There are 2 protein chains.
Amino acid sequence: MTVPTHPSTEVPPFRRVTVLGLGLIGGSLLRALRQTGLEVIGFDTEPGAGAAASAAGFPVAPDAATAVHGADLVVLAMPLPEVTPALRSVGPHLRPDTVLTDVGTLKQPVLAAVREHAPGVRFVGGHPLAGVEETGWAASDPLLFRDCPWALIFEPDTSLTAWLRLAGLVCDLGARPVPTTAADQDTAVARVIGLPHVLAEALALTGLAGGSLGLSLAAGSYKSGSRVARTRPELVTSWCDGNAALVGALDDAIYHLTSARDALAAGRSVYPLASAGHAARTNWEHRRFEPVEVTTDPTALVGHGRAGGWVTAVLRDDDGVRLLGMRPI
Amino acid sequence: MTVPTHPSTEVPPFRRVTVLGLGLIGGSLLRALRQTGLEVIGFDTEPGAGAAASAAGFPVAPDAATAVHGADLVVLAMPLPEVTPALRSVGPHLRPDTVLTDVGTLKQPVLAAVREHAPGVRFVGGHPLAGVEETGWAASDPLLFRDCPWALIFEPDTSLTAWLRLAGLVCDLGARPVPTTAADQDTAVARVIGLPHVLAEALALTGLAGGSLGLSLAAGSYKSGSRVARTRPELVTSWCDGNAALVGALDDAIYHLTSARDALAAGRSVYPLASAGHAARTNWEHRRFEPVEVTTDPTALVGHGRAGGWVTAVLRDDDGVRLLGMRPI
């Protein structure tokens with residue numbers, strides 16, 4: 001089988017990257033990008049974050065328009081409510097071939113904002129699954145993205161070249177580009193980000209509602225189960241609100257919990273749920289994968305992601321770009 | 001104020017301890033007890049566990065009756081279904097002053113089993129909140145109990161002397177004796193152990209039910225939220241089944257989840273739950289305590305535990321035993 005490739009001359013590596021927003025993700029990205037040898041510059045509307053990055057030796061621009069000057073990649077790394085103002089600020093200052101990406105949890109709202117406020121920009125939505133409950137520049141870590149899945153979005157108007165350039169950069173950061181669409185991503189994220197956060201909040205609240213003795217006895221399982229409830233509630237909200245798929249995910253979880261509750265109330269066992277949950281979790285840990293060469297075609301790539309695959313390398317040679325990946329066995 | 005004490009001559013330290021059941025908790029206890037200078041001996045009905053402990057240099061008895069010979073403390077560290085057979089085996093071989101304790105998650109079932117199968121034994125129920133999802137001797141760790149809460153049960157027929165001897169030993173292991181009753185303990189544990197496990201099972205199952213893309217994107221929040229679903233389902237079941245208080249805890253959690261679900265479905269925000277969950281979790285982390293001297297009286301001790309306090313030291317001097325503790329400010 002001949003795997004279609006893409007001319008390598010059209011997929012040049014990035015040289016200069018601007019990161020707008022220097023919190024946990026943006027700050028970690030600034031650090032990680034510089035480690036790969038790229039020219040980087042940052043900006044944050046909050047002066048304290050910019051000052052901290054500057055004190056750590058990173059170039060920081062005085063404003064967003066200056067920050068994006070000459071950049072061939074601009075990363076929106078601010079919270080969702082600040083994306084629209086940022087698009088308005090920098091949209092007019094981007095070169096036609098500049099690639100714009102973001103790192104937000106939900107891809108459909110960002111896509112809608114780009115289409116409204118920066119139409120015609122070469123946008124490729126992105127989402128590194130790399131959060132921790134700490135936030136801010138102080139928590140930034142250049143190794144944050146190692147081995148982490150990183151959703152990279154194809155929409156009908158997405159430039160394949162821009163997508164491939166970004167996928168190559170994500171591989172350089174040690175992360176795993178997962179090709180998908182905005183709608184598929186948001187549906188998946190409802191179950192693996194939205195749901196865990198809502199359950200953690202419910203546990204954090206309910207677990208401690210039984211009085212002071214319970215506060216003393218809360219230990220390992222309460223602690224890990226409620227860990228992400230330490231996240232600022234404004235962030236949790238921005239990862240959940242407006243994601244219709246989370247309603248169905250919550251319905252499923254409530255169904256399982258109600259079944260367990262009714263079993264207990266009737267003097268029966270929670271074993272069916274415990275057994276099914278244990279199997280799901282351990283099967284997930286024991287998944288196996290095999291290397292594969294992936295066609296450089298949006299439809300094939302999205303199918304690869306939907307089947308549980310990701311990209312491991314973007315290889316450039318005289319014949320063009322070839323994509324290596326992994327897929328579940 | 002004069003704080004009542006207890007004659008120290010009646011509260012001698014233990015010298016020889018038998019641990020029956022050499023899994024994670026029993027094995028860790030055997031290791032930790034020997035580190036405090038006590039004479040220890042173990043036994044497990046499963047020959048592999050005994051052989052592993054023996055290979056690690058610990059004395060292991062050929063049967064339970066031999067194991068408890070001469071012991072002034074016997075610890076039941078087997079899973080709940082094996083407690084009754086163990087009580088039948090060792091009950092007739094205990095000296096009148098031998099203290100019997102256990103390490104199970106639910107205290108009422110063990111108490112009922114002791115009253116039925118070993119009446120008259122000096123039993124003090126115990127529960128170290130020290131589990132991890134690994135099990136078996138291979139996971140045992142002498143430091144497992146450091147700083148962990150350890151519920152120690154008072155019932156109307158509990159010997160205060162036996163309780164104080166055990167509290168002293170728990171302090172020697174670096175853990176925190178929390179005085180409580182079997183009913184209070186089980187009610188508290190429903191929320192901080194049963195509930196986290198049932199929620200983790202529901203997350204493990206529901207989170208991954210969205211297809212292969214979700215399996216790829218599941219990351220930090222799914223992983224920590226479902227961590228305890230790695231526990232063997234038989235153990236989870238033994239911590240949940242029959243605990244009536246877990247029904248109410250699940251009702252509360254389902255109520256919060258349903259409210260969040262309905263808000264999302266109506267285009268509103270999950271912020272109220274996220275905010276309340278975040279506050280509960282962070283307030284829990286930031287609790288503050290003060291040292292206090294605790295009366296050596298069962299009613300006062302149970303009240304101390306119910307108020308969120310624990311024991312930090314059992315001091316023996318010529319005037320008797322004094323108890324130091326911590327309580328929430």
Side-chain angles (χ1 to χ4, degrees), chain A residues 129 149 178 188 191-193 195-196 198-208 210 212-219 221-222 224-230 233 236-237 240-241 246-247 250 252-254 256-257 260-261 264-265 269-271 273-278 280-281 284 306-308, chain B residues 129 149 178 188 191-193 195-196 198-208 210 212-219 221-222 224-230 233 236-237 240-241 246-247 250 252-254 256-257 260-261 264-265 269-271 273-278 280-281 284 306-308:
Chain A
L129 281 287
V178 176
R191 285 181 186 264
V192 297
I193 295 187
L195 182 65
V198 175
L199 288 173
E201 305 290 6
L203 173 60
L205 190 57
T206 311
L208 301 183
S212 296
L213 178 63
L215 301 186
S216 296
L217 298 183
S221 60
Y222 173 80
S224 59
S226 65
R227 180 183 67 88
V228 298
R230 304 175 79 224
V236 174
T237 302
C240 294
D241 288 358
L246 182 51
V247 176
L250 278 165
D252 287 358
I254 291 167
H256 291 304
L257 294 172
R261 180 256 177 236
L264 281 170
S269 177
V270 300
Y271 185 79
L273 175 59
S275 174
H278 180 258
R281 166 76 199 215
W284 176 70
R306 190 174 291 139
Chain B
L129 281 287
V178 176
R191 285 182 184 263
V192 297
I193 294 187
L195 182 65
V198 175
L199 288 173
E201 305 290 6
L203 173 61
L205 190 56
T206 311
L208 300 183
S212 296
L213 178 63
L215 302 186
S216 296
L217 298 183
S221 59
Y222 173 79
S224 59
S226 65
R227 179 183 68 88
V228 298
R230 304 175 79 224
V236 173
T237 302
C240 294
D241 289 358
L246 183 51
V247 176
L250 278 165
D252 287 358
I254 291 167
H256 291 304
L257 294 171
R261 181 257 176 234
L264 281 170
S269 177
V270 301
Y271 186 79
L273 175 59
S275 174
H278 180 258
R281 167 76 199 213
W284 177 69
R306 190 174 290 138

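The structure presented is a predicted model; accordingly, all values stated were derived computationally and were not measured. Sequence lines set the chain letters: A, B, ... in the order given, protein chains first and strands last, and positions in each chain run from 1.
- Looking at B:Ser269, its side chain never comes within 3.5 Å of a backbone N or O of A:Asp241 through a donor-acceptor pair.
- Judged purely by atom type and a 3.5 angstrom limit, B:Ser221 uses its side chain to pair as donor or acceptor with the backbone of A:Val192.
- Expressed to the nearest 0.5 Å, how far CG of A:Leu205 lies from CZ of B:Arg281 amounts to 13.5 Å.
- Using a 4.5 Å heavy-atom threshold, the side chains of A:Leu208 and B:Arg191 count as separate.
- For the set B:Ala218, B:Ala280, B:Ala274, B:Gly214, the entry with the most heavy-atom pairs within less than 4.5 Å of chain A is B:Ala274.
- Minimum interatomic distance between B:His278 and A:Glu201 (heavy atoms only, all atoms of both residues): N-OE1, 3.3 Å.
- Of the listed residues B:Gly225, B:Ala200, B:Ala253, B:Gly210, the one with more heavy-atom pairs under 4.5 angstrom with chain A than any other is B:Ala253.
- A:Arg306 meets the side chain to side chain contact (heavy atoms under 4.5 Å, CB included) test with A:Asp184, A:Val302; sequence neighbours excluded.
- Between chain B and the options A:Ser226, A:Pro233, A:Pro149, heavy-atom pairs under 4.5 Å are most frequent for A:Pro233.
- In terms of heavy-atom pairs under 4.5 Å with chain B, the best-connected choice from A:Leu195, A:Leu250, A:Val198, A:Leu257 is A:Leu257.
- Considering only heavy-atom pairs separated by less than 4.5 Å from chain B, the leading option among A:Ala276, A:Ala265, A:Ser216 is A:Ser216.
- The choice from B:Ala260, B:Ala307, B:Ala229, B:Cys240 that makes the most heavy-atom pairs within less than 4.5 Å of chain A is B:Ala229.
- No side-chain donor-acceptor contact under 3.5 Å links A:His256 to the backbone of B:Ala202.
- A:Leu217 and B:Ala188 make their closest contact through CD1-CB, 4.1 Å (heavy atoms, listed as atom of the first residue, atom of the second, distance).
- The side chain to side chain donor-acceptor pair (under 3.5 Å) check on B:Ser224 picks up A:Arg227, with sequence neighbours excluded.
- Two residues are said to be in side-chain contact when any heavy atoms from C-beta on lie closer than 4.5 Å; B:Ile193 and A:Tyr222 fail this criterion.
- For the residue pair A:Asp252 / B:Thr206, no side-chain donor-acceptor distance below 3.5 Å is found, with atom types taken as modelled.
- Across B:Leu199, B:Leu246, B:Val178, B:Leu215, the residue that shares the most heavy-atom pairs under 4.5 angstrom with chain A is B:Leu215.
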